[in-house]
Engineer: 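This is the structure I have questions about; it appears just below.
Reckoned from all heavy atoms, side chains included, excluding hydrogens, waters and symmetry mates.
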Amino acid sequence: IVLVSSQQIAASIVLEKSSKVIETLLMSARPLAIIVGKILGTMAVLICNCVLMLISGLVSSVLSAVVASKSMEEAANIALEALNKASAGGTPDIAAPVSSDISLGRIVFGIFAVIVTTILAYLFYSVISGMTGASCSSIEDLSSSSSFISMMTVIGVYMVMGCSFINNQIFTTVTYFFPFSGIYIVPIHYIFGK
């Protein structure tokens, strides 16, 4: 959502440049004000989308619990019992990850950290996309210019996935500080006490 909505900023800037609307806007506003306005407007839409997804997720959970006529806790307990019975055959115990260092305070602060880093990720991608859109004059130029952002995002995602498989502190630290991956991995590692 963050990547797609920030790329819409670049597309709208290029469309305004190609239709000469930007020339009219530049008579009454500075270029930075136009980009900041686009970032804040798109951010408002992004926040509304996230709120709607949360509300629809809650409604879906409640309806699922009502339709199944079991609470979510009962369903989770049944699933855990089935997995624990299966673990007698030599598979890992499902209760082991639950006993990690996760407290209520860490979860609450972690959720706050996820929200803050999502906003920072959006601002990061939006500024890069806004500069990309300002430097392009057509949609064709934009598609070739935005490939850098897409490639760096893919590299960041692979770095985050690599942290799960490679237990190397140096690689994890580099992933924390690389902007395209750190904005996603740092709050999650904080929640789990890493």
Engineer: So Asn168 and Thr172, side chain to side chain contact (heavy atoms under 4.5 Å, CB included) or not? Walk me through it.
Structural biologist: CA-CA 6 Å; Asn168 185 341; Thr172 303; 5.6 Å; no

Engineer: Linking I/L/V/M/F/W/Y whenever any side-chain heavy atoms sit under 4.5 Å apart, do Met53 and Ile47 land together?
Structural biologist: yes

Engineer: Quick check: is Leu54 connected to Leu52 through a chain of hydrophobic side chains (ILVMFWY, heavy atoms under 4.5 Å apart)?
Structural biologist: no

Engineer: Does Ser145 reach the main-chain N or O of Thr132 with its side chain, forming a donor-acceptor pair under 3.5 Å?
Structural biologist: no

Engineer: Strictly distance-based, threshold 3.5 Å: is any side-chain N or O of Thr42 a donor or acceptor partner for the main-chain N or O of Ile39?
Structural biologist: no

Engineer: Tell me, do Met152 and Ile128 make a side-chain contact under 4.5 Å, heavy atoms counted?
Structural biologist: no

Engineer: Looking only at atom types and distance, does a side-chain atom of Tyr176 sit under 3.5 Å from a main-chain N or O of Ile185, one as donor and one as acceptor?
Structural biologist: no

Engineer: Flag yes if Val174 and Phe177 sit in one hydrophobic cluster, no otherwise; membership is Ile, Leu, Val, Met, Phe, Trp, Tyr, and two members link when side-chain heavy atoms are under 4.5 Å apart.
Structural biologist: no

Engineer: Does atom CZ of Phe171 have more than 12 heavy-atom neighbours, drawn from other residues, nucleotides or ligands, at distances under 6.0 Å?
Structural biologist: yes

Engineer: Starting at CG of Leu123, measure out to OG1 of Thr117 and round the result to the nearest 0.5 Å.
Structural biologist: 11.5 Å

Engineer: Please name the pair of heavy atoms, one in Met159 and one in Phe178, separated by the smallest distance, quoted to 0.1 Å.
Structural biologist: SD-CD2, 3.5 Å

Engineer: If you look at every heavy atom in Pro179 and Phe124, which pair is closest and at what distance?
Structural biologist: CB-CZ, 3.5 Å

Engineer: Enter the distance from Lys17:NZ to Cys136:SG here, rounded to the nearest 0.5 Å.
Structural biologist: 7.0 Å

Engineer: Check whether any side-chain heavy atom of Glu16 sits under 4.5 Å from a side-chain heavy atom of Lys38, and report yes or no.
Structural biologist: yes

Engineer: Any chance you could lay out the side chain to side chain donor-acceptor pair (under 3.5 Å) test for Tyr125 and Thr153, step after step, and finish with the verdict?
Structural biologist: CA-CA 10 Å; Tyr125 280 114; Thr153 303; 3.2 Å; yes

Engineer: Is there a path of hydrophobic side-chain contacts, each under 4.5 Å between heavy atoms of I, L, V, M, F, W or Y residues, that connects Leu120 with Phe109?
Structural biologist: yes

Engineer: If you draw a 6.0 Å radius around CD1 in Ile170, do more than 12 non-hydrogen atoms from other residues or ligands fall strictly inside?
Structural biologist: no

Engineer: Quick one: does Met131's side chain get under 4.5 Å of Ile35's, heavy atoms only?
Structural biologist: no

Engineer: Given side chains that start at C-beta, do those of Phe180 and Val157 come closer than 4.5 Å, heavy atoms only?
Structural biologist: no

Engineer: Should Tyr158 and Phe148 be counted in the same cluster of Ile, Leu, Val, Met, Phe, Trp and Tyr side chains packed under 4.5 Å apart?
Structural biologist: no

Engineer: Measure across Ile9 and Gly130 and return the closest heavy-atom pair with its distance rounded to 0.1 Å.
Structural biologist: CG2-CA, 4.3 Å

Engineer: Identify the heavy atoms of Ala121 and Ile183 that sit nearest to each other, and give their distance.
Structural biologist: CB-CD1, 3.3 Å

Engineer: Indicate yes or no: at least one non-hydrogen side-chain atom of Ile149 is less than 4.5 angstrom from one of Ser129.
Structural biologist: yes

Engineer: Below 4.5 Å, heavy atoms only, C-beta onward: do Gln8 and Val45 meet side chain to side chain?
Structural biologist: no

Engineer: Would you compute the distance between atom CD of Gln169 and atom OG1 of Thr173 and round it to the nearest 0.5 angstrom?
Structural biologist: 4.0 Å

Engineer: Can a donor-acceptor pair be found, under 3.5 Å and without considering hydrogens, that links the side chain of Ser60 to the backbone of Ser56?
Structural biologist: no

